[in-house]
Every structure is written in C-alpha cells, then in structure tokens.
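First comes the structure, then the notes that go with it.
These numbers come from the heavy atoms of this one structure, side chains and all, not from hydrogens, waters or symmetry mates. Letters A, B, ... mirror the listed sequences (proteins, then strands); counts begin at 1.
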Protein chains: 2
Amino acid sequence: MRPLYHPPLEEITIEGILYALSDPVRIRIFVQLANADCTRNCSAFLNVCDTPLPKSTLSQHFKILREAGLIRSERKGVELQNHSRCAELKDTFGPMISAIVQAYSQRMTISPPLR
Amino acid sequence: MRPLYHPPLEEITIEGILYALSDPVRIRIFVQLANADCTRNCSAFLNVCDTPLPKSTLSQHFKILREAGLIRSERKGVELQNHSRCAELKDTFGPMISAIVQAYSQRMTISPPLR
DNA sequence: CCAATAGTTCGGAAGTATAGAACTAATGGA
DNA sequence: TCCATTAGTTCTATACTTCCGAACTATTGG
C-alpha cells in the first residue's frame, strides 16, 4: 500500500481545488472538516448523504481531497485522522477557500440537507 | 438549434459553479470575462491556451459556463456576445466568485500562461 | 496468532469529454 | 434573390473517468 501523498503548497492548483470541491459529497466532507476544525476519520462520513456510501467510493473521495491539497490525513492506529489544510492555504489562495466554505455553509442552512 | 439556456438564480449551485471553473480553459475564459467586464464572442477565445482549440470543444466549454450560471450569451447577428453574471451572483454567493477570480488572476501574474 | 476494524486497490460497467465532420443560422455582397 | 462566408451547434466515435463490489493490506486488541 503506497503511502498517502500530500502535495506541497507550490503544487496545489486552483483548478484542482475547485474540481475536488465540485462534487456534492466532497464539498460536504470538506466543509464539515473546515468548520469543525477538528480531525475526523473517513468512516465518520459514510452517511454524509442520505444513502450510505460504499467505502471504496469514500476512499476515492478522500484521496481526491488529499491530492488537491485540501486535507491532510495521518494514520493513527487503524484509522486515518483527517483535517483541513485551510490555514496553510490561506497564504497562497487568500480568502478563496473560506469564501467557498462560507457560501456553502450558508446555503446548507437555507436549503435542506439534500441528495 | 435549441435556444441557449440560462438558469435562473435559484437553480444555480455551488457545485455547478466550481465544476465549471475546475477546467483550465473555462476558468481562463471566465476570469477574462469577469475582469474585463465587457462582452466578447466565443471565437475570441480560440487561442486561450497555446494550442488552438477546436471550435466544437470551445462551444461545449461555453455551454458549461452558461448552464452553470456563470455567463450570459446573447446572439447578436452571427456571433454570440458573452458576459459574466458576476453582479447577479453576488447576492446569492457573496464574495465566493470574486475571491476565485482574484486568486486566479493573482496566480496568473506569478506563474506563466500555461498549458 | 487470530479476528475485527479501517482503509486501499483492482477491475469491469456506466457515464463523460474531446474533436472531426456535418449541420444551422445570420449577414453581406454580387 | 441567392450564394459565400462567418460563427456557433450538434452528432458521433473514441478515449478517458467515475463508481462500486470484491479482494487485499495494515494495525490493533484479545
């Protein structure tokens, strides 16, 4: 099993970030991580949408968030601890990411959970 | 030929916007439209990346931007006049879109044209 | 050392993107 | 009026992605 890859700042692209967040499941995961500002393991998100996700699918989603540079995942025993890289990204991308998180959080509270 | 579809505000989603802007060609087109704040026809962007795009591909890209709610295209004679819907979107999405445009514009000036 | 748990990888089916060719639609002359 | 031209769309085949079940790896606790 290859080790988890976390791109350095200079390898992170705007396109990659936007792509990662353009999926309804991934943006939900990321916004929850960013808002909570705590670490959560992957399977905590198995029920992120109303029909439970297969774990292979969830694993792919985390990989995409990770390789876009949005989250960091560290193995802790048998689980992965995931947390957002918001703070790091602020220097390079300014208010972009927090603006996305905020816009999404706001819509969430207006329109119901979805999907 | 079916008429061009422009979604009303309440049909525009964050995921759709992020997806539309996650493509290197589309984000370049959109940022240019948003920054210039003027109308440009589609073929003005044939050379938006260093190898000229086929016009069928470009047409698809414009369709995706349009149906994501990011631009408005109006037929004017034989051409389409395209302009961004930034102003309209501000009410619903706050500073999200301008933050993306700004982040991208800034990186453009740092790293060379690309792709 | 075995069983259990958490996550990854593989592979095939289903969906999406790209770009050439054929098409439509509007215009500006002869 | 009709033809040529220009701008953009649609069609279609091929190539690429995504999704998810099944099989795998890795860590831990008993």
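In this model, a donor atom of one side chain and an acceptor atom of the other lie less than 3.5 Å apart for A:S105 and A:N35. Judged by distance alone, the side chains of A:R72 and A:H83 never bring a donor and an acceptor atom under 3.5 Å apart.
Under 3.5 Å, the side chain of A:S56 and the base of D:dG21 form at least one donor-acceptor pair of N or O atoms.
The CZ-P distance, from B:F62 to D:dT9, rounds to 9 Å in whole Å. Rounded to whole angstrom, the span from the NE2 atom of B:H61 across to the C1' atom of C:dA17 amounts to 9 Å. The distance from atom CD1 of B:I64 to atom C1' of C:dA19 is 14 Å, rounded to the nearest whole Å. Straight-line distance from the CD atom of B:E79 to the P atom of D:dT5: 18 Å, rounded to whole Å. Rounded to an integer number of Å, the gap from CG of A:L58 to C1' of D:dC20 is 12 Å. Atom CD in A:Q60 sits about 18 Å away from atom P in D:dC16, given to the nearest Å. Summarising the geometry, the separation between CG on B:N41 and P on C:dT27 is reported as 14 Å, rounded to the nearest angstrom. Atom pair A:L80:CG and C:dA6:C1' shows a separation of 8 Å (rounding to whole Å applied).
Residue B:R26 is classed as having no contact, given no heavy-atom separation below 4.0 Å to the nucleic acid. B:L4 comes within 4.0 angstrom of the backbone, heavy atoms only, and of no base. B:R40 comes within contact range of no nucleotide atom at all, as no heavy-atom separation falls under 4.0 Å.
Across all their heavy atoms, A:I12 and A:G69 have their closest contact at CD1-CA, 3.7 Å.
Within the structure, every side-chain polar atom (N or O) of A:T57 is placed at least 4.0 Å from both OP1 and OP2 of D:dC19. Side-chain nitrogen and oxygen atoms of A:S59 include at least one within less than 4.0 Å of the OP1 or OP2 phosphate oxygen of C:dT8. One finds no side-chain N or O of A:R2 lying less than 4.0 angstrom from the OP1 or OP2 phosphate oxygen of C:dT8. The shortest distance between the side-chain N/O atoms of B:R75 and the OP1/OP2 oxygens of C:dA26 is not below 4.0 Å.
Comparing atom distances between the B:M1 side chain and each of C:dG7, D:dC20, C:dA25 picks out C:dA25 as nearest. For B:D23, the listed nucleotide lying nearest its side chain is C:dT18; candidates were D:dG21, C:dC23, C:dT18.
B:L80 and B:I64 fall into different hydrophobic clusters, where Ile, Leu, Val, Met, Phe, Trp and Tyr residues are linked whenever their side-chain heavy atoms come under 4.5 Å apart, directly or through other members.
The residue among B:K76 and A:Q81 whose nearest nucleotide of DNA chain C is located toward the 5' end is A:Q81.
The CG atom of B:D23 lies 14.0 Å from the CZ atom of B:F30; values are rounded to the nearest 0.5 Å.
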